[in-house]
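As structure tokens, the structure follows; a few thoughts come after it.
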Amino acid sequence: MITMKDIVREGHPSLTKVAQQVDIPITEEEKQLLKDMLTFLRNSQDEEIAKKYKLRAGVGLAAPQLGVEKQMFTVYYVDENEKVHEYALVNPKIVSHSVEKTFLPTGEGCLSVDREIEGYVPRYSRITVKAFDMDNNPVKLRLKGYLAIVFQHEIDHLNGIMFYDHINKENPFHIPDNAKPLD
Ligand SMILES: O=C(O)C[C@@H](Cc1ccccc1)[C@H](O)SCc1ccccc1
Ligand code: NI
């Protein structure tokens, strides 16, 4: 079972490298890792399990955060309509995006960052992502809102980019002209 000790922290080289493309079809070992990563996210959002194993809540996890420099990530969260958004994807590419940007008014955090870093993280409001799922099927996803933000945070991890790399250094709370806070 993945716990916080398996998650690498700032300073670990995996977090600032471009991860390797994964050969398709993926191996059984890679498929099992994706399943284990999804289980971590579900566990991290379960009050009892998270308390028992001291897990920080997470809605996304990328393989480089486990020191595995492969283009793989998972997302798991339940939205306000109780809809489960669960993804385990390989070799994702943002193939198109809106000009318009958005940001979380509360800023972002990261399971690999053990400190609060304030400031707005501009993200594309809408993205189209092409990837492969864990059964080697090609997928094309059109995303907006919070899910689009989570995907961009995770895909950044596959390219060695941390959320704070997007924060304006002169004014962390600078709002770009074409950006609107996520409602
Ligand atoms: O470190 C990670 O990649 C997981 C992040 C992903 C994330 C952070 C900010 C904005 C979008 C995605 C964690 O989920 S941060 C902790 C968290 C937990 C529940 C809800 C929101 C953020
Ligand atoms: Ni992160």
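Atom set for the values below is all heavy atoms of this structure, side chains included, hydrogens, waters and symmetry mates excluded. The shown structure was predicted, so the numbers you read here are calculated from the model rather than taken from an experiment. For ligands, and for the atoms within them, numbers begin at 1 and follow the listed sequence.
In the candidate list A57, C110, G109, A57 is nearest to atom 16 (C) of ligand 1, counting heavy atoms. Nearest-residue assignment for atom 20 (C) of ligand 1 (options F151, Y146, Y77; heavy-atom criterion): Y146. The residue among V150, L111, L61 with a heavy atom at the shortest distance from atom 11 (C) of ligand 1 is V150. With atom 7 (C) of ligand 1 as the reference point, the heavy atom nearest to it among H153, Q45, R56, M162 is part of H153.
Between S125 and T102, the side chains place no donor N or O within less than 3.5 Å of an acceptor N or O (distance only, hydrogens not considered). Defined by atom type and a distance below 3.5 Å, a donor-acceptor pair is present between the side-chain atoms of Y164 and E10.
Look at D156 and R123 and you find a salt bridge, because one of the NZ, NE, NH1 or NH2 atoms lies within 4.0 Å of a carboxylate O, short of that distance. Taking a cutoff of 4.0 Å between a charged side-chain nitrogen and a carboxylate oxygen, K51 and D46 do not qualify as a salt bridge.
For ligand 1 and E154, the ligand atoms under 4.0 Å from any heavy atom of the residue are 2 (C), 3 (O), 4 (C), 6 (C). Shown in contact with G60 at under 4.0 Å from a heavy atom are these atoms of ligand 1, numbered in order with element: 2 (C), 3 (O), 4 (C), 14 (O).
The aromatic rings of Y124 and H97 lie parallel to each other, their planes meeting at an angle below 30°, with 60° marking the opposite boundary.
Between V59 and ligand 1, at least one N/O pair is under 3.5 Å apart.
Here the rule is ring pair (Phe, Tyr, Trp, His ring centres under 6.0 Å) with F103, and of Y120, F163, Y146, F173 only Y120 fits it.
In this structure, SG of C110 and NE2 of H157 enclose an angle of 100° at the Ni ion (ligand 2), rounded to 10°.
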